[in-house]
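Each remark here refers to the structure printed beneath this line.
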Number of protein chains: 2
Amino acid sequence: MPATGTDTLPAAPMAPRMEDVARLAGVSMMTVSRALRAPGTVSAPMLAKVRAALRQTGYLPNLVASGLASSRTQVVAAIIPLISQPFAPTLQGMTDVLRASAYQLVLGVTHYDPRQEEALVRAFLSRRVDGIALFAGGHTEETVAMVRQSGVPLVEMWADPATEVLVDSVCVSQRLGAREAVRHLRARGRRRIGFIGGATANNIRQQARLRGYLDGLDEAGLPDDPAAREVAGCFLMEAGAEALARLLTRRPDLDAVCVASDILAVGVVFEAHRRGLIVPDDLAVTGFDDAEIARAMYPSLTTIDMKAEEMGRQAAAMLLERAGQGGRVDLAAMPSRRCDLGHALILRESS
Amino acid sequence: MPATGTDTLPAAPMAPRMEDVARLAGVSMMTVSRALRAPGTVSAPMLAKVRAALRQTGYLPNLVASGLASSRTQVVAAIIPLISQPFAPTLQGMTDVLRASAYQLVLGVTHYDPRQEEALVRAFLSRRVDGIALFAGGHTEETVAMVRQSGVPLVEMWADPATEVLVDSVCVSQRLGAREAVRHLRARGRRRIGFIGGATANNIRQQARLRGYLDGLDEAGLPDDPAAREVAGCFLMEAGAEALARLLTRRPDLDAVCVASDILAVGVVFEAHRRGLIVPDDLAVTGFDDAEIARAMYPSLTTIDMKAEEMGRQAAAMLLERAGQGGRVDLAAMPSRRCDLGHALILRESS
DNA sequence: CCCTATCTTGATAGCGCTAACGATCGACGG
DNA sequence: CCGTCGATCGTTAGCGCTATCAAGATAGGG
């Protein structure tokens, strides 16, 4: 705007409020409020007047005030370990579902640290979010207590069906999936099957996958050789490569590796190439999660599909259902719900 | 709690309010408020009393009410095209900076659709976020108008330094980066250099990278051959693979491809392998963004580092600075700020 | 010793909206 | 023709916090 001098207040062009819309339309504020939130309860002529005034003023409802008055914020929180594969698709699934319901997503990242998770839960409860989706397992006592106390709708994701959860959960068969990977490798004639996974502390997914691997060995009558198992330092491809290097130093005669994450498995395949090993001829590799790269890489990666995006969709849907029923939930009273997405072995070139 | 019957209201265990804390501490609400938000302005004995009462009640401040009263929500919004490489690291950078300042991030995904961006901006303005970070370019007029009108602190990310922006921006040298990739390929003795990029509609990053490629050809005195350029349908590895397939059908004699995205470039390398071409001997490949996989894959990928995570950090920092100065910003009056992160060619095995 | 400057604390008045209930009006059955 | 009911709209009273300013306390200077 052309400077009019600063001798007088610049006549702050305050954003229009609902009252302004109401005055312009010649109706009460409540009618405007209803026209926005429940158009069905307003008569046609009134609605038309309000809509005209809305257009004319360019009114943007103040959802902060709305949230305070109605104690519903139309926001749900997602708390994830990392913004990366395979969690990004879960987030994508959540935003897709939430968008359709005019809900928004606030994001928190824990870096697999239960205390950061606790801090995030506290912050989100302070914001009075209408629901929280977090990853199963690895909660502090305080986290559990706060959630219980507050009664926010809660969904845990990425649990194994056998995992004990707080309330609602969306789970995938992590343990059965790993067992199936081993079965598959056995069926391909592999006998010396190693394992590479991430750290199991605070990570029940990795715990379940390791157990599934052991189940598979057991079932096949193969002994568990701890030296044929290796832990990757973090979920980066390079960590997978390094883990394979260490593993092969100890057990150079492995003919297959069951890897508990596609990201790690990709590193494993690259490292195998680097060493002149042919995948799958010299070394068969199976991954976990069915990340994008599993399908796209060459050789493409046999993996266990964890339905990451669908998990996000389901989690969001469950939260919306609870939130729609009008907010607070008594965790003791409500029957907890569990949505099991199963798993699927996806056969590709790496095995 | 043990069911006491439903004949009477279950005596809702209302979350404690600031008033409850104040009463317990024997002070006024304002003192509690100050103890929380500006401890320095409260005397030591008072502070101690309040802190004790806070612990005892397990009080969680209601940030919705706080936001309404103070018209600062302590939330900033990030609007991104997709939750994937190379944007995930940008998001990560933002959350890391925001966490330190007790701000939260709300997330919006546009799928490269300007109308979805508009809807998200509207929603976030309705929530009275303290700042919005979005991707440069591809805004509707209405989006620009709303942002201007509202005066929210705004940062555009992933711009090219030559791009016209709305207010503040964090940019990287997309065009120069692509030119440097071509220079590098020339220096390696390549003469038939193709190009693969994503759609340029609503995507100024891809536009700038294409221009940089053309700059590079021009500089080297090489003619631009439109048939040596190909557009990938989306940002998936497979789309990169398919694009290379189409490109080689028309120009089988290419000895290098400049690819405007690591995700696509990875697909290109895999497709080359699939066709028995050796990278880089038969075909040199350069990518863009320096995604994790560029470093980890075999052969590792020469690429242009776009400082994705640093970009998120800078964007968040700029927003916090504006927000800290007390909110609303007059876009006409404020001097716009630009943070140029440059770019860096990262030499690896693929070229 | 009084008056002003500085620091703390408290009382008051909203922030912009919605829940809850009351008022109004036309329709309809007895 | 009156009472009742449902549909629609308005009035009132907050939601839980903070901005603002006034009041009291303390300190310092003339």
Side-chain angles (χ1 to χ4, degrees), chain A residues 12 14-50 53-54 57-75 102 125-130 150 326-328, chain B residues 9 12 14-50 53-54 57 59-75 102 125-130 150 326-328:
Chain A
M14 281 285 290
R17 291 156 306 156
M18 190 177 279
E19 192 184 342
D20 304 319
V21 178
R23 196 178 317 113
L24 185 65
V27 302
S28 74
M29 274 176 66
M30 271 317 296
T31 301
V32 177
S33 178
R34 280 191 273 254
L36 288 169
R37 239 151 293 284
T41 66
V42 177
S43 68
M46 283 283 173
L47 203 56
K49 281 197 285 184
V50 172
L54 285 173
T57 53
Y59 172 69
L60 282 180
N62 183 328
L63 292 186
V64 180
S66 168
L68 180 59
S70 66
S71 51
R72 320 180 80 263
T73 52
Q74 308 266 103
V75 172
L125 290 179
S126 248
R127 288 196 189 289
R128 303 301 194 259
V129 296
D130 289 341
S150 74
R328 311 297 92 168
Chain B
L9 281 174
M14 280 285 289
R17 291 154 308 154
M18 190 178 279
E19 193 185 342
D20 303 319
V21 178
R23 196 178 316 114
L24 185 65
V27 301
S28 74
M29 272 176 68
M30 271 317 295
T31 301
V32 178
S33 178
R34 280 191 273 254
L36 288 169
R37 238 150 294 283
T41 66
V42 177
S43 68
M46 282 284 172
L47 203 56
K49 281 197 285 184
V50 172
L54 285 173
T57 53
Y59 172 69
L60 281 181
N62 183 327
L63 292 186
V64 180
S66 168
L68 179 59
S70 66
S71 50
R72 320 178 80 266
T73 50
Q74 307 267 101
V75 172
L125 290 179
S126 249
R127 288 194 189 291
R128 303 302 193 259
V129 296
D130 289 341
S150 74
R328 310 297 91 169

Spacing of B:Thr57 atom OG1 and B:Met18 atom CE [to the nearest 0.5 Å] | 10.5 Å
Which whole-number value in Å describes the distance from A:Glu19 CD to C:dC15 P?
-> 9 Å
Give the rounded distance in Å between these two atoms: CZ of B:Arg128 and P of C:dC15.
-> 14 Å
Hey, does the side chain of B:Thr73 reach the backbone of B:Arg128 with a donor-acceptor pair shorter than 3.5 angstrom?
-> yes
May I ask you to say what A:Val42 touches in the nucleic acid, namely base, sugar-phosphate or nothing, with a heavy-atom cut-off under 4.0 Å?
-> sugar-phosphate
Round to the nearest Å and state the distance from B:Leu47 atom CG to C:dC7 atom C1'.
-> 15 Å
With sequence neighbours left out, write down each residue that passes side-chain contact (heavy atoms from CB on, under 4.5 Å) with B:Ser70, or none if nothing qualifies.
-> B:Ser66, B:Arg72
Counting N and O atoms only, with roles assigned by atom type, does the side chain of B:Ser126 sit under 3.5 Å from a partner on the main chain of A:Leu63, one being a donor and the other an acceptor?
-> no
I'd like a table of donor-acceptor pairs (distance under 3.5 Å, sequence neighbours excluded) in which one partner is a side-chain atom from residues 30-45 of chain B, with atom names and distances.
from: B:Thr31; atom 1: OG1; to: B:Ser28; atom 2: OG; distance (Å): 3.3
from: B:Thr41; atom 1: OG1; to: B:Ala38; atom 2: O; distance (Å): 2.9

From D:dG16, C:dC17, D:dG10, nucleotide with atom closest to A:Asn62 side chain = C:dC17
Nearest whole angstrom, please: distance from the P of C:dT8 to the CE of B:Met46.
-> 12 Å
CG of A:Leu68 versus P of D:dA13: gap in Å, rounded?
-> 18 Å
Check whether any side-chain heavy atom of B:Met46 sits under 4.5 Å from a side-chain heavy atom of B:Val27, and report yes or no.
-> yes
A:Arg72 CZ to C:dT18 P, in whole Å, measures 12 Å
Send over the distance from B:Met18 CE to D:dG14 C1', rounded to a whole Å.
-> 18 Å
Listed in order of residue number, which residues of residues 28-36 of chain B have a non-hydrogen atom at under 4.0 Å from DNA chain C?
-> B:Ser28, B:Met30, B:Thr31, B:Arg34
Heavy-atom nearest nucleotide on DNA chain C taken for B:Ala44 and for B:Ser70; more 5' hit belongs to B:Ala44
Look at the side-chain N and O atoms of B:Ser71 and state whether any lies under 4.0 Å from the OP1 or OP2 oxygen of D:dT18.
-> no
Residue pair B:Ser150 / B:Leu125: nearest heavy atoms and the distance that separates them | OG-CD2, 3.5 Å
Can you figure out which of D:dG16, D:dT18, C:dG16 approaches the side chain of B:Ser66 most closely?
-> D:dT18
Spacing between B:Asp20 atom CG and D:dC17 atom C1', to the nearest angstrom = 13 Å
